[in-house]
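Basis for what follows: all heavy atoms, side chains included, without hydrogens, waters or symmetry-related copies. In what follows, chains carry the letters A, B, and so on, assigned in the order in which the sequence lines appear, proteins first and then strands, with residues in each chain numbered from 1.
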Number of protein chains: 2
Amino acid sequence: MLDQRIKFRHLTCFLEVARQRSVVKAADTLSITQPAVSKTIRELEEHLDARLFDRSKRGVTLTDFGKVFLRYAGASVTALRQGVDSISQVRMQGGLSINLGVLPTVAASVMPNAIRHFKTLSPDTTVKVVAGPNVMLMGQLRVGELDLVVGRLAEPDQMSGLSFIHLYSEHISLVARPGHPLLADKNPDITRIREFTVLVPPKHAIIHPTVDKMLIAHGIGALPDRIETVSTSFGRAFTRETDAIWIISNGAVASDIAEGHLVELPIDTSDTFGPVGLTTRIDSPISPPVEMLINAVREEASRHHSEQAAAKT
Amino acid sequence: MLDQRIKFRHLTCFLEVARQRSVVKAADTLSITQPAVSKTIRELEEHLDARLFDRSKRGVTLTDFGKVFLRYAGASVTALRQGVDSISQVRMQGGLSINLGVLPTVAASVMPNAIRHFKTLSPDTTVKVVAGPNVMLMGQLRVGELDLVVGRLAEPDQMSGLSFIHLYSEHISLVARPGHPLLADKNPDITRIREFTVLVPPKHAIIHPTVDKMLIAHGIGALPDRIETVSTSFGRAFTRETDAIWIISNGAVASDIAEGHLVELPIDTSDTFGPVGLTTRIDSPISPPVEMLINAVREEASRHHSEQAAAKT
DNA sequence: ATTTTGCATAACTATATAATTATGCATCAG
DNA sequence: CTGATGCATAATTATATAGTTATGCAAAAT
C-alpha cells in the first residue's frame with residue numbers, strides 16, 4: 001500500500017543522497033543542513049518500512065532495498081517533472097502536439113480511423129501527419145522531429161536506435177482496373193504483365209527490394225514499361241483509367257479492392273508477406289500522449305484486421 | 001521547477017477526482033469528506049500554479065492543463081507503487097529477478113558479455129536465462145513468464161502484442177570443418193552439399209523458412225541426408241568431427257569461424273539477412289531492471305558489431 | 001417555487017512537518 | 001593520542017497539514 005504522506009521532497013532527497021553517497025554532500029547541494037537530510041531519509045524509510053541506506057562512518061551505501069527503489073523513485077520524479085513541464089508547454093503553445101509519420105500502406109486504411117478515435121480521447125492534442133519516403137521519415141524520427149512512424153518495417157540497416165511494435169502483416173498486391181484484358185483469362189500468364197505499363201514503388205520505398213525479389217521469383221525480369229511512384233492518389237487514378245498494373249502494398253488499396261474499384265491479379269505473393277507496425281525511438285521515453293496514440297492505432301489495427309479476416313470468409 | 005511539497009496524496013486524489021469527474025464521489029471512495037478533497041485539489045493547483053479542473057454545478061471537468069497533467073501524474077504514482085511493490089518482493093524472495101529468453105544466435109556471442117556487464121551494474125538482480133525453441137519463448141514472453149527475449153525477429157504472426165528493438169542484422173551461414181572436401185575447390189558447386197550430411201534448423205526455428213527459401217533459390221531441393229537440430233553444442237561438435245555441413249545463423253558460429261574451428265562455405269546468403277534484437281511485451285511497462293538489461297545488451301551488441309565490422313577489413 | 005445536488009469557503013483543531021542549533025559518538029588519518 | 005570526518009539524536013520552534021463541522025450558493029431537478 002502506497003503511503004500517501006510521501007512527498008517529492010523525500011524522493012529527491014533520497015535520489016541526491018544515493019547519487020552522492022553522502023548525507024553531508026547531499027545536504028550541501030540541497031541547501032539544507034545535514035540533520036534535515038538525515039531526518040528526511042529516516043522519514044522515507046519509515047513510510048516505506050524498509051532501510052534504504054547502510055550508514056557507516058565513511059558515507060552511506062544503498063541497501064538492496066535502496067538499489068531497487070532507486071530506479072522507481074527516479075522514474076516517479078521524472079514523470080512528475082515532465083508533467084509540470086508539459087503544463088507550461090500547454091500554457092505557452094496552447095496545446096500539446098504529436099508529430100506522426102505515415103507510410104502509404106496505412107495512410108488510407110488504418111490511420112484515419114485511429115486518429116479520429118485518438119482525437120475523441122484527447123481532442124486538445126494537435127496531431128501533425130507527415131507523409132513521405134520512408135528513409136526521410138526514419139531520419140526525422142531518429143532526430144526527434146517525429147515521435148512515431150506507422151507503416152511497414154524498414155530495412156534492418158535503417159532500424160538502429162529504433163524500436164518496432166508489430167500491428168499486423170500484409171502482402172503486396174498486383175492490381176488492375178476491373179475488366180482488364182489480363183483478367184479475361186482465369187489463370188493468366190503472369191509474365192504477360194510486361195505487355196502493360198506497370199506502376200512500381202521507387203528505389204527508396206521500403207517494399208522496393210521485396211517487389212524486385214518477387215518479380216524475379218516469378219520469372220519476370222526488368223519491366224520494359226514502368227512508372228515509379230509513391231503517390232497512391234496518382235497510382236489509383238492512373239490504374240483505374242488505363243490498362244496499367246499497379247504493384248503496391250495491399251493496405252494502400254484494400255478498400256478499393258473491397259469496393260470493386262480495383263481488382264487483384266491472381267498471383268502468389270506470399271513471399272512478400274511482411275510486418276506493418278509502429279516505429280519509435282528507443283532512447284527517449286514514450287510520452288503519455290504518444291502512448292495514447294499508440295494504443296488507439298493498435299486498437300484500430302486489430303479491429304481493421306479482424307474485419308479484413310471476416311471479409312475473406 | 002518541481003514543487004517539493006507535492007505529496008502522493010495530492011496526486012491520487014487528483015487522479016480519483018479526474019476518474020470520477022466528481023468531488024463528492026471521489027471523497028466517498030477516498031473515505032474523506034468533500035471539503036477535504038476540494039482543499040487537496042486546490043493545494044495541488046496552487047503548487048502547480050495551474051487550474052486543473054473546471055468547476056460547474058454538475059460535477060467537475062478537466063481543463064487542458066488537467067488533461068495533460070493526468071497522464072504524467074498517473075505515470076508518477078504507478079512508478080512509486082511499483083517501487084514499493086518491488087521492495088516487498090525483495091524482502092520476500094531475497095532479490096529481484098529477470099527472466100530472459102535467449103535464442104541460439106546470441107546465446108554464445110552477445111549475451112555472455114552483456115549479462116556480465118549488467119551484473120556489474122546490478123549485482124543483486126538474479127538473471128534467469130532460458131533457452132529453447134522460439135515459439136515456446138515467445139509464448140512464455142506473451143504470458144509474462146519471460147521479461148525479454150533476445151534473438152532473431154520472429155515470424156510476423158507470432159509478433160502480435162510484442163515489440164521489437166533492433167540490435168543488428170546478420171545472415172545465415174553454411175559452415176564446415178576446415179579441410180572439408182568441398183573447400184578443395186575455390187568456387188565449389190554449391191549443389192554438391194547434397195552429397196553430405198546437412199544439419200538444418202528444425203521446423204519451429206525462426207530461420208527455418210528463410211533457409212528453405214535460400215536452398216530453393218540456389219537450386220537445391222530437398223536434402224537427402226539431413227539432421228534437424230537446435231543444439232549448437234551438438235552441431236558444433238558434429239560438424240567439426242565429420243564432413244557434415246551446418247546451416248546456422250551466423251552469430252551462433254561467428255567465434256568458431258574467427259578462431260578457425262569452422263569455415264564458412266563461399267555461398268551468397270545475402271537473401272537471408274535478417275534483424276536480430278530484443279522482443280518485449282508492449283502492454284506491461286518495462287521495469288527499470290529490465291530496462292538496464294536492455295541497455296547493457298544494446299551496448300554490448302554495438303561493441304560486438306563494430307568489432308565484427310573491424311575484423312572483416 | 002422548492003428541493004436537491006455539487007462544490008466552495010470559513011473556522012477550527014490536533015498533528016505533522018521542516019527546519020534549525022547543539023551535541024554525541026564511532027571511525028579513520030596522521 | 002588527537003583531531004577531523006560523517007552521521008545520528010535531541011530539543012526546539014514556527015509553520016503547514018489534514019482533517020473535521022458548519023454554512024453558503026448557484027444550477028438542476030422536481
Let me know, please, whether K25(B) or K39(B) comes out on the 5' side of the other along DNA chain C by nearest nucleotide.
-> K25(B)
Which part of the nucleic acid does V37(B) contact within heavy-atom distance under 4.0 Å: base, sugar-phosphate only, or nothing?
->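 The residue V37(B) makes no contact with any strand.
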For I41(B) and dC7(C), give me the distance from atom CD1 to atom P, rounded to whole Å.
->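 Interatomic distance, CD1 of I41(B) to P of dC7(C): 11 Å.
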Mind checking what makes salt bridge (Lys or Arg N to Asp or Glu O under 4.0 Å) contact with R55(B), not counting sequence neighbours?
-> E45(B)
Atom pair distance, as rounded to whole Å: CD in E46(B) and P in dA8(C) =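 Checked: the CD to P distance equals 13 Å.
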Just jot down the side chain to side chain contact (heavy atoms under 4.5 Å, CB included) partners of D54(B), sequence neighbours excluded, or say none.
->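 Only T61(B), T63(B) meet the side chain to side chain contact (heavy atoms under 4.5 Å, CB included) criterion with D54(B).
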Mind checking side chain to side chain contact (heavy atoms under 4.5 Å, CB included) for T78(B) and listing every partner two or more places apart, or none if nothing turns up?
->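 Expected list: Q82(B).
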Just say parallel, tilted or perpendicular for the rings of H47(B) and H10(B), cut-offs at 30° and 60°.
->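 H47(B) and H10(B): perpendicular rings.
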Starting from P on dG6(C), measure out to CZ on R55(B) and report it in whole angstrom.
->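 Result: 16 Å.
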Who passes salt bridge (Lys or Arg N to Asp or Glu O under 4.0 Å) against K7(B), sequence neighbours left out?
->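 If we apply the salt bridge (Lys or Arg N to Asp or Glu O under 4.0 Å) test to K7(B), skipping adjacent residues, there are no hits.
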Roughly how many Å is it from CG in D28(A) to P in dT5(D), rounded to a whole number?
->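 Rounded to the whole Å, the gap is 14 Å.
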Pick base, sugar-phosphate or nothing for T40(A), based on heavy-atom distances below 4.0 Å to the nucleic acid.
-> nothing
Give the rounded distance in Å between these two atoms: CG of L44(B) and P of dA8(C).
->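 That distance rounds to 14 Å.
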Within residues 29-36 of chain A, residues whose heavy atoms come under 4.0 Å of DNA chain C | I32(A), T33(A), P35(A), A36(A)
Output all residues satisfying side chain to side chain contact (heavy atoms under 4.5 Å, CB included) with A108(B), sequence neighbours left out; order by chain, then residue number.
->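 For A108(B) there are no side chain to side chain contact (heavy atoms under 4.5 Å, CB included) partners, ignoring immediate neighbours.
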What integer distance in Å separates F53(B):CZ from dG6(C):C1'?
->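 The answer, rounded to whole Å, is 14 Å.
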N/O donor to acceptor pairs below 3.5 angstrom from side-chain atoms of residues 68-76 of chain A, sequence neighbours left out:
residue	atom	partner	partner atom	Å
S76(A)	OG	S76(B)	O	2.9
S76(A)	OG	S76(B)	OG	3.0

Side-chain contact check for S38(A): nearest option of dA8(D), dT17(D), dA8(C) is dA8(D)
Donor-acceptor contact present, side-chain S31(B) to main-chain A27(B), <3.5 Å =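 It does not hold such a pair.
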Among all residues two or more places apart in sequence or in another chain, which pass the salt bridge (Lys or Arg N to Asp or Glu O under 4.0 Å) test with E46(A)?
->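 Salt bridge (Lys or Arg N to Asp or Glu O under 4.0 Å) check on E46(A) returns R42(A).
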Rounded interatomic separation in angstrom, taking CD from Q20(B) and P from dC7(C) = 11 Å
Give the B/S/- string for nucleotides 24-30 of chain D, one per nucleotide from 5' to 3', where a protein heavy atom under 4.0 Å of the base yields B, of only the sugar-phosphate yields S, and otherwise -.
-> --BSS--
Kindly say if S22(A) contacts the phosphate of dG6(D), meaning a side-chain N or O under 4.0 Å from OP1 or OP2.
-> no
What is the distance, rounded to the nearest whole Å, between atom CZ of R42(B) and atom P of dA16(D)?
-> 14 Å
